[in-house]
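The structure presented is a predicted model; accordingly, all values stated were derived computationally and were not measured.
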Amino acid sequence: MNDLPTSPSDDWDQNSRRKALLSLGILALIAALIGVVMVIVVDNSGGRRTSVVAGSGTTAPPATSSVSSVPGTSSTTRSPSPSASASASASASGRATPTAAARCPSAAPCAVPGDRGHAVAALNSFRASHGRHAVPGTASSQAQECALGEGGGPSCQPHYAWEPVPTQDGVRVITMVASRSDGMQWLLDPAMSSFSVGWAYTPGAQGGPGRYSCAILKVG
């Protein structure tokens with residue numbers, strides 16, 4: 001039995017369906033490419049540096065949180081310790097009150113004088129709660145420069161910790177430092193003889209909320 005001959009209209013319908021399917025495939029590919037480009041743009045525009053705890057401030061901070069209990073060495077971490085964080089919060093509770101947002105003369109980050117976030121008291125309270133003696137602490141211009149540099153630059157010496165926080169809250173800073181790998185060891189170092197703290201403020205884009213940076217410089 002012979003096949004029925006196809007008419008020109010049948011050929012045209014088949015060609016139309018092929019063209020339609022091809023067009024849909026091209027549109028899907030374009031949409032996927034646009035999605036990838038948007039993700040890359042958002043990541044690049046919204047990315048912020050993460051916290052740093054390190055033994056030496058001679059180099060810029062790494063892309064991920066790091067800690068070094070021995071000067072000159074470092075190891076990366078992505079898994080904070082909940083128990084350390086809770087311990088820091090409990091030991092420093094009541095010693096610090098978040099302050100209102102600072103104001104900078106321009107859209108550029110600026111140093112925040114003093115220690116209105118009470119990071120000095122929070123650190124010594126944390127040490128006392130773990131059986132360590134309190135050590136002299138003060139606000140310093142060197143620590144301010146380290147905070148402005150987000151944990152990078154020559155001012156972050158000899159040993160530093162840097163944390164970005166939404167409010168000027170020393171309790172939160174100590175809690176975040178303690179949650180890093182070896183962060184508790186860094187804060188409870190029995191050889192610590194003194195330390196200084198510094199604050200900086202980064203205004204938000206287009207009038208939005210900004211954020212604080214706190215740097216702790218440890219001697220010993």
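Under a 3.5 Å cut-off, the side chain of E145 and the backbone N or O of Q142 do not form any donor-acceptor pair.
Under the 4.0 Å criterion applied to side-chain N and carboxylate O atoms, R211 and E163 are not assigned as salt-bridge partners.
By the 4.5 Å heavy-atom criterion applied to side chains, V219 and M192 are not counted as neighbours. Contact check for L217 versus F195: no side-chain heavy atoms found under the 4.5 Å cut-off. Contact annotation: the side chain of N124 never approaches that of F126 to less than 4.5 Å [non-hydrogen atoms, C-beta and beyond]. When side chains are defined from C-beta on, Y212 does not count as touching P166, because their heavy atoms never get closer than 4.5 Å. Taking 4.5 Å as the limit, every side-chain heavy atom of Y160 sits out of range of all side-chain heavy atoms of I216. Under the 4.5 Å side-chain criterion, counting only non-hydrogen atoms from C-beta, R127 is in contact with V135. For the pair V165 and W199, the minimum side-chain heavy-atom distance is below 4.5 Å. Contact check for T138 versus V120: no side-chain heavy atoms found under the 4.5 Å cut-off.
When the side chain to side chain donor-acceptor pair (under 3.5 Å) test is applied to S140, the partners found at least two apart in sequence or on another chain are S196.
Pairs engaging residues 160-220 under the disulfide bond (SG atoms under 2.5 Å apart) rule: none recorded [sequence neighbours left out]. Contacts classified as disulfide bond (SG atoms under 2.5 Å apart) and involving residues 120-155 (residues at least two apart or in different chains) are given here: C146-C156. Each salt bridge (charged side-chain N to carboxylate O under 4.0 Å, His left out) pair with one or both residues in residues 189-209, not counting sequence neighbours, appears once here: D189-K218.
Considering all non-hydrogen atoms of both residues, I174 and A122 come closest at CG1-CB, 3.7 Å. Here the closest heavy-atom approach between residue A147 and residue S213 is recorded as O-CB, 3.6 Å. Annotation for A143 and V197: closest pair CB-C, 3.2 Å, computed over non-hydrogen atoms. Residues Q144 and A111 come closest through the heavy atom pair OE1-CB, 3.6 Å.
Taking NE2 of H133 as the start and CG of L188 as the end, the distance is 11.0 Å to the nearest 0.5 Å. Note that SG of C110 is 7.5 Å distant from CG of L148, once rounded to the nearest 0.5 Å. In this structure, OG1 on T175 lies 11.0 Å from CZ on R180, to the nearest 0.5 angstrom. Going from atom CD of Q168 over to atom NE2 of H118 covers 8.5 Å, rounded to the nearest 0.5 Å.
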